[in-house]
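Counting starts at 1 for both ligands and their atoms, following the listed order. Just so it is clear, the values below take in all heavy atoms, side chains as well, and ignore hydrogens, waters and symmetry mates.
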Amino acid sequence: MADERPIIFSGIQPTGRKTLGNYSGGFRQYVQTQEAGEAFFCIVDLHSISVEYDPADLRSSTLDLAALLFATGLDADRSTVFCQSHVTAHGEAAWLLSAVASYGQLGRMTQFKEKAAAHEFVSAALFTYPVLMAGDILLYQTDLVPIGDDQRQHLELTRDVAQRFNHRFGETFRLPDGQFPSVGGRIMDLQDPTSKMSTTLSSEQGAVYILDSPDAIRRKFKSAVTDSGRDVRYDPAVKPGVSNLLEIMSVATGETIDALTRRFADAGYGELKEAVGESVVELLSPIRERFEALRADERELQRLLAVGAEKARRASEPTLEQMYDRMGFAKPEAGRFFGAARPRGL
Ligand code: LTN
């Protein structure tokens, strides 16, 4: 890859309301990385059926996420934004790779164990989830995978699966590396700054959603939990609340935490909270407005996704073909018995 642009792939679940934490550790990175290489952003709807879900919700949240990805700055001309279920190679790759994924290793996945413990019905899809993810990544000969820390183990499994396949069937896959967010990767809950701001676990007041109204955002920052003492400084162990606020403002304005600490050194917590809230309103308002415009035109969204799916199909096809071939499947001979020579009407 020395003289080529790296191939970048990430998958985003369409379910759950996306938070400021998702923006800071995810969407923001996607926009930056689309400049750095050939980027694929996949709405992983097939992953979302691994836990209990509502079909009508899946459909609308898939379009929501598409609109949000474009609203946060992904460019359909520069990157490939597509829906996993639109490209059948993903389902196929998952089945083929399940032959070289270890049952024992899948059972040791932390995310599987946690989710399995939390649900009454544990689907087989929840267990094989990381194999589908491995296929997503490997089909595109990906170099870099922007992901959160919670996905490290799944990426490790992806590399193991790729290596086992290469070893058993011949060199087929490039081994991907993770790209983890440095600053802004850990935005904490406003009500409980010792735990991460979470789509599923945070309370309504503890999480700021990307699509929150300006008033809701201001209210949430006004009631954010701070720390004892009155001084504003960055020290997550001793001052988790204030440090989180400084971190959020740094994400929103692009200023360094040092500069912000100096600016607010003599301010009270009330003043800090208001300033942070305002900076987040300024960050999110244009995104929300673009989202609303994009989401209102479903035909255009579907068209953009169709363009993305076609690009993704073309990019993944050679690797999928190679997988079938190396694994010993007899190739279907396209057009030889049917197809072009087939009389009309039959
Ligand atoms: N498991 C990931 C989503 C995901 C993904 C991928 C991320 C599915 N396929 C491929 C990167 C690459 C998650 O829950 N965040």
Side-chain angles (χ1 to χ4, degrees), residues 6-19 21-30 33-34 37-51 53 58 61-62 65-66 68-69 74 79-87 89-94 97-98 101 106 109-116 118 123 125-162 173-181 185-187 196-201 308 312 315-316 319:
I7 296 172
I8 298 158
F9 186 101
S10 199
I12 310 105
Q13 293 247 22
T15 43
R17 286 157 76 196
K18 303 300 175 193
T19 66
N22 295 133
Y23 174 79
S24 157
F27 295 86
R28 199 166 58 114
Q29 259 63 249
Y30 306 150
T33 48
Q34 87 178 336
E38 163 94 18
F40 294 86
F41 298 101
C42 180
I43 301 173
V44 293
D45 52 356
L46 295 174
H47 277 100
S48 296
I49 65 170
S50 58
V51 291
Y53 77 102
L58 179 61
S61 55
T62 296
L65 179 57
L68 194 57
L69 287 167
L74 290 188
S79 320
T80 302
V81 179
F82 71 106
C83 203
Q84 195 182 29
S85 66
H86 297 179
V87 181
H90 290 255
E92 295 177 62
L97 291 175
S98 70
L106 287 172
M109 292 295 111
T110 313
Q111 188 174 299
F112 170 70
K113 289 193 284 184
E114 284 175 5
K115 288 201 179 175
S123 70
L126 190 63
F127 183 71
T128 54
Y129 177 114
V131 185
L132 181 60
M133 175 164 164
D136 296 343
I137 296 167
L138 299 175
L139 274 173
Y140 298 85
Q141 302 293 345
T142 301
D143 298 297
L144 274 180
V145 186
I147 34 172
D149 258 320
D150 62 332
Q151 297 297 311
R152 265 179 208 275
Q153 208 183 15
H154 289 162
L155 187 66
E156 222 24 73
L157 181 133
T158 299
R159 293 171 58 97
D160 291 346
V161 161
F173 299 121
R174 221 177 268 183
L175 293 191
D177 289 307
Q179 187 181 64
F180 302 93
R186 282 186 72 79
I187 297 294
K196 239 177 115 157
M197 185 180 286
S198 156
T199 319
T200 47
L201 303 174
S316 58
T319 298

### Over all atoms of both residues, closest heavy-atom pair of V44 and G11
CG1-CA, 3.8 Å
### Summary
Residue, atom and distance of the protein heavy atom nearest atom 11 (C) of ligand 1 read G11 N, 3.3 Å
### Geometric N/O contact D136 with ligand 1, under 3.5 angstrom
yes
### Message
Looking at H90 and L132, would you say the former's side chain and the latter's main chain have a donor-acceptor pair under 3.5 Å?
### Response
no
### Task
With heavy atoms only and a cut-off of under 4.0 Å, state how V145 meets ligand 1: side chain, backbone, both or neither.
side chain
### Summary
Near V44 (heavy-atom distance under 4.0 Å), the atoms of ligand 1 are 8 (C), 9 (N)
### Query
Where does I137 meet ligand 1, judged by heavy-atom distances below 4.0 Å: at the side chain, the backbone, both, or neither?
side chain
### Message
Between M197 and N22, is there a side-chain heavy-atom distance shorter than 4.5 Å?
### Response
no
### Message
Using a plain distance cutoff, I'd like to know if Q111 has any nitrogen or oxygen under 3.5 Å from a nitrogen or oxygen of ligand 1.
### Response
no
#### Entry: Contact check, side chains of M109 and Y129, non-hydrogen atoms, under 4.5 Å
no
### Query
If you take all heavy atoms of A134 and L97, which pair is closest and at what distance?
C-CD1, 4.0 Å
### Task
Can you sort out which atoms of ligand 1 are near F9, meaning under 4.0 Å from one of its heavy atoms?
10 (C), 12 (C)
### Message
To check your reading of the model: name the closest protein heavy atom to atom 6 (C) of ligand 1, its residue, and the distance in Å.
### Response
M133 CG, 3.5 Å
## Note on the structure
Looking only at protein heavy atoms, what sits closest to atom 14 (O) of ligand 1 is Y129 OH, 3.0 Å
#### Entry: Shortest heavy-atom approach to atom 8 (C) of ligand 1 - which of H47, Q151, H90
H47
### Query
Do D45 and S85 meet the criterion of a side-chain donor-acceptor pair at a distance under 3.5 Å?
yes
### Message
Looking only at the side chains, is there a donor atom on one of D136 and Q84 sitting less than 3.5 Å from an acceptor on the other?
### Response
yes
### Query
In ligand 1, which numbered atoms sit nearer than 4.0 Å to a non-hydrogen atom of I147?
7 (C), 11 (C)
### Query
Is any side-chain heavy atom of V87 closer than 4.5 Å to a side-chain heavy atom of F82?
yes
